[in-house]
Each structure stands twice: as structure tokens, then as C-alpha cells.
Amino acid sequence: MELILDTGNVIEIEDLYTHLCIDGVTTNPSIVSKEGKDFESLIKEIDSIVGRYIPIHAQVISTKFEDMVEEALYISNLRENMYVKIPVTKDGLRAIKELKKQGVKITATAIFTAHQGFLAAKAGADYVAPYVNRIDNISGDGVSVVSDLVNIIDTYNFNSKVVAASFKNAQQVLDLMKVGVHSVTVPADICKAMMAHPLTNWSVDKFIEDWSNVFGEGTTTNKK
Ligand code: E4P
């Protein structure tokens, strides 16, 4: 299962990429705007941290088919392993179909139903990104939508991965792991929440205390 970072903050990316096995970075126009940096420079900065083999996903702003295709080609050429995020509007689905013919890597985004995810996979999207928390916020069941979509993709052997997006807590991520989601993209705070438990640090402190009570300060390499 892939773990992707849903942030454009290079300090967070560097920290988490250094400590964990991270399979990619996703951005969207809101995430990029938050950083207040030139788009192309930000992508290059992220690239310099994760290296050229790790996918970066960035989204088009255009909404008309022809403009989406043109913008997608620009984004796609920014680096190797660049995935272009296309919202699954009517024009977006057409753009996905066209861009796949041209060999562009696509992440279909802003997915709220399993039907939309199916149509994006059918159009050739490499990733399909349902929005878990945004679905929950409209009294839907994000985990259930993603679960249905995973089932459809796996049953019919589509060449797409479900990358669940839009998380507000670590429990949503765990619920999706249990239904076999292929990939999740999580903001840095949720990634850190997945990593941490106060009793882990407490246990480490206790181990050191017990050790030093007998052997004094130091580690296994220099005990007397
Ligand atoms: C993926 O990159 C999505 O754009 C993102 O996860 C949306 O998250 P939000 O609903 O927290 O804005």
C-alpha cells in the first residue's frame, strides 16, 4: 500500500521523507497557494527533496477541455514521474481520455462517487482520488464510497490505483487500510499522528533508565 504526502510544504516533506518510506507527494491549487511560491519553483523544490523517481501530483486550473490538455502537457513536462491531476468534470473526463492517448500520467481527482471513479478508471486514469472527508462532510460515507471503488477497480482489473484523499483524522486512514485501499495521500499532521504514541516514548525512557541504573550512561556498544 502506498503512503503519499498531501502537502506542498517543503519543510514537512523533507522531514517526513527523511524518516519514512514515502511513495509520492500530492498537491492541489489550494495546497500550492498556501505556500505562496511560484508553482514551477515549488515543484522543482519538492523534486530536489524526493528525487526524480518519486511521483509528484499537481493539478490543472483550467476547466475547458482544450485548455486542460494544454495545461496538463505543461505540468507533465516539468519533471520525470509527474502525475497531472484532472478533476472528473465532463471536460475533465474527456481530457483524461485524450491525455492517456498521449502517454501522460493522470490522477483523476475531486471524486465523490464510485461511479465517477469508475468512469475515470475507464478513461485511463492511473490514479483515481476519492475525497473521503469531503464526502463525510455532506453526510455521505467516505470510507464506504472508497471501499466500493476499490472493489470495482480490483474486480474488473482496471489499470488504476485508488488513492484515497481528503483526510481529517488517522482513523479514516485505518478504516481504508482495512478495506484494501491501494494508496492514501495524507497531510503531514495525520502522517505524524500515525507515527506517534506517547507510550512509545515513555517505554524508551524506561528502557534507558533501567539500563543506566545497572550500567551507567552509554549504549550496548560501550558498556563496561
Ligand atoms: C488530494 O490531493 C486532494 O486534493 C486533497 O486531499 C483534498 O483534501 P481536503 O479535502 O482536505 O482539502
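Position 1 is the first residue of the sequence; numbering continues from there. Indexing begins at 1, ligand by ligand and atom by atom, following the structure's order. Quick note: numbers below take in every heavy atom, side chains included, and nothing from hydrogens, waters or symmetry partners.
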Atoms of ligand 1 close to Asn28 [distance to a heavy atom under 4.0 angstrom, numbered from 1]: 3 (C), 4 (O), 5 (C), 7 (C)
Nitrogen or oxygen atoms of Gln59 and ligand 1 under 3.5 Å apart: no
Ligand-residue contact atoms, ligand 1 with Tyr131, heavy atoms, under 4.0 Å: 3 (C), 4 (O)
Under 4.0 Å to a heavy atom of Lys85 - the qualifying atoms of ligand 1, by number: 1 (C), 2 (O), 3 (C), 4 (O)
Thr26 neighbourhood, listing ligand 1 atoms whose heavy-atom distance to it stays under 4.0 Å: 2 (O)
Element-labelled atoms of ligand 1 that are located less than 4.0 Å from some non-hydrogen atom of Lys168: 11 (O)
Enumerated ligand 1 atoms positioned under 4.0 Å from heavy atoms of Arg134: 7 (C), 9 (P), 10 (O), 12 (O)
Top protein contact for atom 8 (O) of ligand 1, by heavy-atom distance: Ser166 CA, 3.5 Å
Candidates Gln59, Lys85, His57 - the one meeting side chain to side chain donor-acceptor pair (under 3.5 Å) with Thr107: His57
Approximate separation, where rounding is to 0.5 Å, of Tyr131 OH and Thr113 OG1: 13.5 Å
Side-chain donor-acceptor pair present, Glu217, Ser212, cut-off under 3.5 Å: no
Asp91 side chain vs Phe65 backbone, donor-acceptor pair below 3.5 Å: yes
Taking every non-hydrogen atom, the tightest pair across Val181 and Ala164: CG2-CB, 4.0 Å
Residue, atom name and distance, where the atom is the protein heavy atom closest to atom 6 (O) of ligand 1: Asp6 OD2, 2.5 Å
Short N-O contact, Asp136 and Lys168, less than 4.0 angstrom: no
Any side-chain donor near an acceptor of the partner, Glu12 and Tyr17, under 3.5 Å: no
